[in-house]
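Below, chains carry the letters A, B, ... as their sequence lines are ordered, and counting in each starts from 1.
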Amino acid sequence: MTAPTQPEPSAPRDTAARTALRTDATDTLPLHTPVIAWFEANARDLPWRRPEAGAWGVMVSEFMLQQTPVNRVLPVYEQWLARWPRPADLAAEAPGEAVRAWGRLGYPRRALRLHGAAVAVTERHGGEVPSDHAELLALPGVGEYTAAAVASFAFGRRHAVLDTNVRRVLARAVTGVQYPPNATTAAERRLAVSLLPAEEGTAARWAAASMELGALICTARNESCHRCPIAARCAWLRAGKPEHDGPPRRGQTYAGTDRQVRGKLLAVLRAAEVPVPQAALDAVWEEPVQRARALDGLVADGLVEPLADGMYRLPGRP
DNA sequence: TACGCGTGGCT
DNA sequence: TAGCCAAGCGT
């Protein structure tokens, strides 16, 4: 367990003690206070939360966790850090090795971008993951969320960390609706900033705690309101948990798409230690037009390197 | 802004 | 069982 245990600085002890006895007065506490207290008692012991993970471990985990469940990330994360314990170690590898080690995590462009980020960290930052939000944002594969997450989790900085978990928690607890909008809105960002604790370390704990609450309690389906530390003040619960009303949440089709074909093609190349002939790739999909389009896309994305004589492989060193 | 991008477990 | 969903990013 690594959940910080310091007293909560922005809520003076006397105030907290007084209000804790008044269950009808929870609105007077900042939202982060009960959530952080819950987190300190219930946080999962994840490897990237341990001190030895360092900023590089945090960054690797954030790339892997983009749209991918924790349980699937765990084994790949451990192998990755054992093989490439520092950014420079990964930067020295061919990008194709990152794609191969990515395995079946999905969205393999993330592997390529993580490799690119390692190269950039090595070249521009002396091999140390930067703590500055703008410098993080400039790295390939690092967007607003990941920059804020790395700065917050690895360096204790104060940023609004707005991922799908936090967005859902705020949608329910504050806005009173079941789900946040499909795309992050300016209103959500304003709300997240308004809830940010003033003190840096408290803000960082709130970021981790609110994400964990969304991941474990305030889940998309089968939420556990009876175990929620802010159930008493949750706008959605108070309103009787009305079901989502509005435009349908964007789904993801997969069967028969280029994505599926790309996945099959890349699986062949991941498994091969030597370049593969065109015929081996042709075998994974019947329909030639879509098959060619998928392969072209992989080449255009830099995930596949075409060689002479119709041979293909994962990308080598430039 | 909306879409394309992998994979697999869960209900 | 067929969607739904999972710590988003780049264009």
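Going from atom CD of A:E223 over to atom C1' of C:dC4 covers 15 Å, rounded to whole Å. Taking atom CG on A:N182 and atom P on C:dG8, their separation rounds to 14 Å, with Å as the unit. For A:L65 and C:dC9, the CG to P distance is 12 Å, given to the nearest whole Å. Atom CG in A:L162 sits about 15 Å away from atom C1' in C:dC9, given to the nearest Å. Atom-to-atom, OH of A:Y145 to P of C:dC9 comes out at 8 Å; the value is rounded to the nearest Å. Taking atom CG of residue A:L136 and atom C1' of nucleotide C:dG8, one finds them 15 Å apart after rounding to whole Å. Atom pair A:Q178:CD and C:dC5:P shows a separation of 9 Å (rounding to whole Å applied). Between the CH2 atom of A:W206 and the C1' atom of C:dA7 there is a distance of 15 Å, rounded to whole Å.
Here A:K264 pairs with nothing under the salt bridge (Lys or Arg N to Asp or Glu O under 4.0 Å) rule; sequence neighbours left out.
A:W48 comes within contact range of at least one nucleobase, with a heavy-atom separation under 4.0 Å. Here A:Y179 lies in heavy-atom contact (under 4.0 Å) with sugar-phosphate atoms only. Residue contacts for A:R168: at a heavy-atom cut-off of 4.0 Å it reaches the sugar-phosphate backbone alone, with no base atom in range. At a threshold of 4.0 angstrom between heavy atoms, the contacts of A:V142 are confined to the sugar-phosphate backbone, with no base atom among them. Counting non-hydrogen atoms under 4.0 angstrom, A:A149 reaches nothing in the nucleic acid.
Salt bridge absent: A:R158 and A:E199 never bring a charged side-chain N and a carboxylate O closer than 4.0 Å. A salt bridge is absent between A:R189 and A:E144: the closest approach of a Lys/Arg side-chain nitrogen to an acidic carboxylate oxygen does not fall below 4.0 angstrom. At a threshold of 4.0 Å, the pair A:E223-A:K241 counts as salt-bridged, since one of the basic side-chain nitrogens sits closer than that to a carboxylate oxygen. Classification of A:R83 and A:E78 as a salt-bridged pair fails, no side-chain N sitting under 4.0 Å from a carboxylate O. Using a 4.0 Å cut-off between a side-chain N of Lys or Arg and a carboxylate O of Asp or Glu, A:R291 and A:D282 qualify as a salt bridge.
Close to C:dC9, at under 4.0 Å from its OP1 or OP2, lies a side-chain N or O of A:T146.
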Nucleotides 3-11 of chain B: protein proximity per nucleotide (B base, S sugar-phosphate only, - neither; heavy atom, under 4.0 Å): BBBBBB--S

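Here the separation of C:dC9 from B:dG8, taken at their P atoms, is 23 Å to the nearest Å. Using atom P as the reference point in both B:dC3 and C:dA7, the two lie 22 Å apart (nearest Å).
Listed by first and then second residue, the ring-ring contact (aromatic ring centres under 6.0 Å, His included) pairs involving residues 178-202 of chain A are A:Y179-A:H244 (not counting sequence neighbours).
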